[in-house]
Novice: 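Could you have a look at this structure, given as structure tokens, before my questions?
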Amino acid sequence: MDLLQKNIVLCAEAIKRGALVCFPTETVYGLGADATNAEAVVKIYETKERPKINPLIAHYAELSEVEKDVIVNDNFLKLSKAFWPAPISFVLKKSENCRICDVATAGLNTIAVRIPRSEIARNLIKNAGVPIVAPSANPSGLLSPVSFEQAKKMLGKKVKYFLDGGECEVGVESTILDLTIETPTILRFGGITIDQIERIIGEVNIATKEENSPKAPGMLLRHYRPKCGLRLSQNNPIENEALLWFGTETPPAGFAIKKNLSSKGDINEAAKNLFNFLHQFEELGVSRISAILVPEVGVGIAINDKLRRAAE
Ligand code: TXA
Ligand code: MG
């Protein structure tokens, strides 16, 4: 057995004992616990200082395991077949014998489920033998970590077990699609795009802020906000301000540091770089970040949604 596999087995044992494990997924690093163990799940909320009203996503390695915990429907069967393993989570009604503890779902009768594309993540879940609930591995309200080093820096003092999977392939969180209502509704933009979803099941809705309040409480909180603040204008840069740019055009002058999310205009590369660059700016101690919005195509919709929230 190689070292990584040994660590995966060790971390799976830790999950079974009720400990928390930071592990990579293709989107962002997660802070995982045995989804069936309420005492373990409470530790996630305490460690992140996450409001208890904000439910978690349950991660699985196999569809047959998901089907034990949710009530499936046609759209779910089509979409899971088309995408999983992938950066998309589906909200479904809990089954009668749902194994996921109530703390994890914040007492709701629905649950968000996902099979991640990351092989390390699926390997961990298989070895643990239970679904793993995992929010992003950051203190509540801060940027999501997209590398082992960032996760370690954010939670290293509080969490004992970390799995190193290098940098995350996608770089933004999973798309969340509510399948419990008549018209499937996007609760969070992410790694799988609306176009991709609509190609499989036809037109979907996008939740308004008001609709979101009971549905995805997490979306109400001020997420993704770099500590130094972020604005969507390039006028009158202040001292030590950083510029987050995109594409082939020449960026405006007057900024202390500039980073281009993708100088060749590749939207997927931009998603992968987004949190990395924001983390780097924070580390450099810039006074403020000025960002431009990227084209509203593909994962660009998720990037812009995050930038707009960060600027609020
Ligand atoms: O990519 C991801 O989804 C990452 C990785 C680790 O898998 N996880 C992640 O988890 O982003 P978190 O906790 O940061 O975001 C989960 C979101 C929250 O906004 C929460 O409100 C929503 O999912 N959510 C969870 N269960 C829900 C439910 N039953 N109904 C509506 N929204 C739900
Ligand atoms: Mg999060």
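Whatever order the structure lists ligands and atoms in, that order sets their numbers, starting from 1. Small disclaimer: the values here were computed from a predicted structure and weren't measured.
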Novice: Between Ile111 and ligand 1, which residue portion shows a heavy-atom distance shorter than 4.0 Å: side chain, backbone, both, or neither?
Specialist: backbone
Novice: Can a donor-acceptor pair be found between the side chains of Thr248 and Lys264 at a distance below 3.5 Å?
Specialist: no
Novice: Give a yes or no on whether the backbone of Gly190 and the side-chain of Thr175 come within a donor-acceptor separation of less than 3.5 Å.
Specialist: yes
Novice: Distance alone, cut at 3.5 Å: any donor-acceptor contact between the side chains of Thr110 and Thr180?
Specialist: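 No, because no side-chain N or O of Thr110 sits under 3.5 Å from a partner of the opposite role on Thr180.
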Novice: At a non-hydrogen distance cut-off of under 4.0 Å, which region of Glu26 contacts ligand 1 (side chain, backbone, both, or neither)?
Specialist: neither
Novice: Number the atoms of ligand 1 from 1 as they appear, then name those within less than 4.0 Å of a heavy atom of Thr110, with their elements.
Specialist: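 Under 4.0 Å from Thr110, ligand 1 has these atoms: 28 (C), 29 (N), 30 (N).
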Novice: Between the Mg ion (ligand 2) and Ser136, is there an N, O or S atom separated by less than 2.8 Å?
Specialist: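 Here the distance criterion (N, O or S atom, under 2.8 Å) is met by Ser136, so yes.
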Novice: Nearest to atom 15 (O) of ligand 1 by heavy atom, Arg188, Lys48, Lys93: which?
Specialist: Arg188
Novice: Check whether any N or O atom of Arg50, backbone or side chain, sits under 3.5 Å from an N or O atom of ligand 1, and answer yes or no.
Specialist: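 Yes, Arg50 has an N/O under 3.5 Å of an N/O on ligand 1.
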Novice: Have a look at ligand 1 and work out which part of Thr105, if any, has a heavy atom under 4.0 Å from it: side chain, backbone, both or neither.
Specialist: neither
Novice: Kindly assign one of parallel, tilted or perpendicular to the pair His59 and Phe23, based on the angle between their ring planes and the thresholds 30° and 60°.
Specialist: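 Plane angle over 60°, so perpendicular.
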Novice: Quick one: does Leu187 get within less than 4.0 Å of ligand 1, heavy atoms only?
Specialist: yes
Novice: Take the angle between the ring planes of Phe90 and Phe76 and call it parallel below 30°, perpendicular above 60°, tilted in between.
Specialist: perpendicular
Novice: Can you list everything that forms a ring pair (Phe, Tyr, Trp, His ring centres under 6.0 Å) with Trp245? Sequence neighbours excluded, please.
Specialist: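 Residues passing ring pair (Phe, Tyr, Trp, His ring centres under 6.0 Å) with Trp245: none at all.
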Novice: List ligand 1 atoms under 4.0 Å from Ser174, heavy atoms only on the residue side.
Specialist: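 Ligand 1 atoms under the 4.0 Å threshold to Ser174: 1 (O), 2 (C), 3 (O).
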Novice: For ligand 1, which atoms sit closer than 4.0 Å to a heavy atom of Thr27?
Specialist: 1 (O), 2 (C), 4 (C), 5 (C)
Novice: For a quick check under 3.5 Å, do Asn276 and Gln150 share a side-chain donor-acceptor pair by atom type?
Specialist: yes
Novice: Any side-chain donor paired with an acceptor under 3.5 Å for Glu13 and Asn127?
Specialist: no
Novice: For ligand 1, which atoms sit closer than 4.0 Å to a heavy atom of Ile176?
Specialist: 17 (C), 22 (C), 23 (O)
Novice: One residue to check: Val91. Relative to ligand 1, which of side chain, backbone, both or neither has a non-hydrogen atom less than 4.0 Å away?
Specialist: side chain
Novice: From the options Val113, Ile53, Asn54, select the one whose nearest heavy atom is closest to atom 20 (C) of ligand 1.
Specialist: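 That would be Asn54.
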Novice: Are any side-chain N or O atoms of Asn304 and backbone N or O atoms of Val294, one a donor and one an acceptor, separated by less than 3.5 Å?
Specialist: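 The answer is yes, because a donor-acceptor pair under 3.5 Å joins these two groups.
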Novice: Under 6.0 Å from the NZ atom of Lys93, do we count more than 12 heavy atoms belonging to anything else shown?
Specialist: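 Not more than 12 within 6.0 Å, no.
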Novice: Consider every N or O of Ser89 and every N or O of ligand 1, then say whether any pair is closer than 3.5 Å.
Specialist: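 Between Ser89 and ligand 1 (N or O atoms, distance only) the closest approach is not under 3.5 Å.
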Novice: I'd like the name of whichever of Gly30, Ala121, Ala134 reaches closest to atom 8 (N) of ligand 1 through any heavy atom.
Specialist: Ala134
Novice: Just to be sure I'm reading this right: ignoring hydrogens, which of Pro135, Cys22, Ser118, Gly190 gets closest to atom 10 (O) of ligand 1? Compare them by their nearest heavy atoms.
Specialist: Pro135
